[in-house]
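As structure tokens, the structure follows; a few thoughts come after it.
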Amino acid sequence: MTKLELKEISMKYERKYILEDLILEVNHGELLVLLGESGCGKTSLLKIIAGIIKPEKGDILMDGENITHLAPQKRKIGYVPQAQVLFPHMKIRENISFGLEAHRFDKQEIEDKIKWVAELTQIEDLLDRYPSEISGGQKQRVALGRAMAIEPRLLLLDEPLSSIDASGRESLALTIRRIQKETETTTLYVTHNQEEARLICDRVALMYDGKIQQIGKVIEIDKNPLNLIIAKIMGSVNIWSIEFIEKKDKHSIITTPIGSFQLPYEIIKHKPTGIKIPAEVIELSFDIGSTDHRSDTSNFILNGKIKSIVEKDEETHRIIIDLSETVSEYIKVDCKKELIKKELKPNQEVILHIDPLEVILI
Amino acid sequence: MSRTVRKETNIEEIANKFIIILAIIALGSFLLSLFYVPLIQILRFAFSSESKFTFAIFSSTITDTLNLKFIGFTFAQALLSTVICLFIGLPAGFFFAKYEFKGKKLVLNLLTIPFVLPPIVVLLGFIVSYGEGGWINSIWKGMTGTDNVLISIFGTFEGIVLAHIFYNLSVIIRMTIPAWQSLDLEQVEVSRTLGASEWKIFWKIIFPQIVNYLISSALLVFIYTFNSFAIVLYLGEVRFQTLEVRIFKMMKASLNFSGGASLAFLQLILNTIIIILYLLFERKTRQMAIGKERGLQKEKISFSRYNWKKNLSIIGLILFMLIIGVFTFAPILAVIIVSFTPFSSEVSPFFGYMQLFSFEYSPLLNNSPLRLLLNTLLFAFAATLITLTLSLMIVFVLKNRYQSLKKYQRSISESFISYMIILPMATSSITLALGLFLLFNNTSLYLNAVWFFIIMAHVLISVPFATRSIMAAYNRIDVELLNVASTLGASRLRVFRKIELPLILRGIIVGGIFSFAISLGEFGATNFLVRGAYGTLSIGISKLLLTQTLQLPATMASILIIVTIICFLAIQKLGDVELKV
């Protein structure tokens, strides 16, 4: 079990900083997912940790030992790149033993390790095949096994599920999780897909603009995203930026692309960047002429037209509604099936009611 | 801790840097002493008189009426040969891309053989099959009962063009096969549903997809025919000379060194332009090939009972291919048959092969035929070894991972090397030899060990081929493989030995065989430089070419044919042949 610390790592690519004073800690035996959009520098960061590229500035510490200037050969870090790169001219067995031979293990030890790794990654049947003869998911298992064979102090995984078809994904994700737990290997797992992060991680670190912006458990970040960008990366629905905040005594008026809202409280915390309206708190009414809701001044009222209706789960419909007062904004509403008494049709006009106390400030 | 760690990394990096610097020095001094300084010597002869700069020699040489005529001829024959090759080669390429049949690969390889044969062998084959007393004309005379010949190849424009088509046709065929294969048929199908006519589909959809392949293959044939030497030297007689032949004759017959150097300089400029154009279009074809998955659907040759139009077109294509086959193969076969045909009633069919061991022809050949064979093989082995060493160095200087990872940019020395090797590519073999000759002809090394310069000329000619072959193999290696290998604990040396070397081995072998075959049949430079007993089989054949007894030269040519075919088949076994510079 190793603790990894990154201190003020900076890295330039074509005169632009892709990593800037980045700080990150990965705890003993933890699986940390590094989540960020494509091109945000995640892969470069992994390569810097693996020693394949050198940072312009900053230090990498493993259990307090500074390894920044150590050659990749000496770091004992397992690196599994995004493309499944197995040595094409070697059998699976030889692929796995490559690192062991480089570390000068003796023959018997190598045999034992191959056996152990093959069991661990469930590739016992593939050992005598060539990489060209196995599937994408199997290749990824071999790549993982090859990295694990040297019993790395740290495991780096670069989008390991990205090139695997949907059916193999979950099983591979679970395998990774199991191996990581069994061997208690500190792991940094890079992805742009928040669903993968939800599936696998202990903690998640969100990265953009060359920095780690927020780190914590998925539930915590879901509940309390630091800002709008993080909410977006986490895949939140119904989020909008705040364009303007007007403070009046005991309440505040916020302006967003979908309209202005009056909140029955004063915003005291630091300046929020956006709002989130959970899809399940929105109520719909279909009687356009009826006036009883109009008098209900405590709720926000929005007009819209149904765009499409999809089944979310057995009890819920998800209704996507174009907002009439805006150019291209739409909102997602989760509605219990039992509450929908009339048949819903696309282009049908609806009224949305939102309780201001349910609106989350980001 | 941190300090000792820093030291360890540095040792490997310093070692790596040291090796790279050594390679750059070795390459630099090779290119400087055997290419660039000789080149400067050519410039000196072209642009200085009594050690003063003058433009007069150059301008008077290239405005000389006779020279202008030959420059015009060089362009005209190259253009005509290229266009005709395109017209014949394009449908043939389509045939190979579209139809599957037994022995397809073999047929394609057989068609390629003329291209890989030594020029002097091709010339001999052409003479014995199409010459005045050759097969075709003998058959024609028999058929018509007259003494008129059907085709005359000596001293005629059409003879030269015909020989060039014979020599280069396979370049077009081979290079347009991928064009047809990568044709995106979905686009064609979509256009049909949109109501486009077949003619419009061809011009708007198909042609843009193949045009880059057409241009790059045409440019390649143009380069080869533009720099043609042996064929024009013998078939052109005095009337027709390419620049290459003209330079040779100026140097050797009229001893006009300044004139020869001027023309060589002009030719170098023209060649450089064409080569750069070629490299440009060749890169475009590679970019186009990326990301195409569904190409032309292959079909078995079959006849349909109902579609007579289709049957007719297939029969037409097959006939067309048969004619190409006969045209291509007759001369090669003719050479082998002539080698067993006694030139008079007094000698045996094996006269040529027995003569290998005799000294009867020594006064003419300066040596026994066997020694010529030995020279040929020795030169080829030596040239191959040196070529491979240099090519590997070039690849490792240009593909140095440590550098590229840190800077994402080539260092100046690397870019410099990459430009330095383009020029030798654009330099004709006569110019290479001319430079060496002008610089070294008075040295004792040249007088006593001309074999050294012959080998070096061969090396200069084959390095671009071998480098491209190795580079192509190296470019296919995924850098991440090397990254993973080092994170797994493998040292730089181990990564090279276990990963890089096995993955580029084929490229090295193919490059090696290629340079062996090039050296084996090289004629232009060897013929220019050769002195005394250091001739090769090609030189021997050329000396006997215009004698009455073709049996001995045919025997020597047969040996070259067999060795070349073996080399070629070996390359085929190992990987795709690239007939590219």
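Values below: all heavy atoms of this structure, side chains included; hydrogens, waters and symmetry mates excluded. These numbers were taken from a predicted model, which means no experiment stands behind them. So you know, we letter chains A, B, ... as the sequences are listed, proteins then strands, and number each from 1.
Per-residue heavy-atom pair counts under 4.5 Å with chain B were compared for A/Pro88, A/Ala147, A/Ala143, and the maximum is reached by A/Pro88.
For a residue to count as touching a neighbouring chain, one of its non-hydrogen atoms must lie under 4.5 Å from one of that chain's; by this rule B/Leu481 touches chain A with backbone and side chain alike. Proximity to chain B (any heavy atom under 4.5 Å) is restricted, for A/Ile150, to the side chain, taken from C-beta onward. Only the backbone of A/Leu86 comes within less than 4.5 Å of a heavy atom of chain B; no side-chain atom from C-beta onward does.
To the nearest 0.5 angstrom, B/Asp478 atom CG is 10.5 Å from A/Phe87 atom CZ. Distance check, rounded to the nearest 0.5 Å: NZ of A/Lys74 to OG of B/Ser491 gives 9.0 Å. Distance check, rounded to the nearest 0.5 Å: CD1 of B/Ile499 to NE2 of A/His89 gives 4.5 Å. The CZ atom of A/Arg75 sits 10.5 Å away from the OG1 atom of B/Thr487 when rounded to the nearest 0.5 Å.
In this structure the side chain of B/Arg494 never reaches within 4.5 angstrom of the side chain of A/Gln73, judged on heavy atoms. Side-chain contact between A/Pro72 and B/Asn483 is absent, with no heavy atoms from C-beta onward closer than 4.5 Å.
Within 6.0 Å of atom NZ in A/Lys115, 12 or fewer heavy atoms from other residues, nucleotides or ligands are found, so the atom counts as exposed in its surroundings. By the neighbour-count criterion of 12 heavy atoms within 6.0 Å, atom CZ of B/Phe381 is sparsely surrounded, having that number or fewer from other residues, nucleotides or ligands. Counting non-hydrogen atoms of neighbouring residues, nucleotides and ligands closer than 6.0 angstrom, the NZ atom of A/Lys211 exceeds 12 such neighbours.
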Salt bridge (Lys or Arg N to Asp or Glu O under 4.0 Å) assessment of B/Glu480 paired with A/Lys47
CA-CA 10 Å; B/Glu480 284 282 45; A/Lys47 287 189 176 173; 3.7 Å; yes
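Contacts with chain B (heavy atom to heavy atom, under 4.5 Å) involve no residue of residues 16-41 of chain A.
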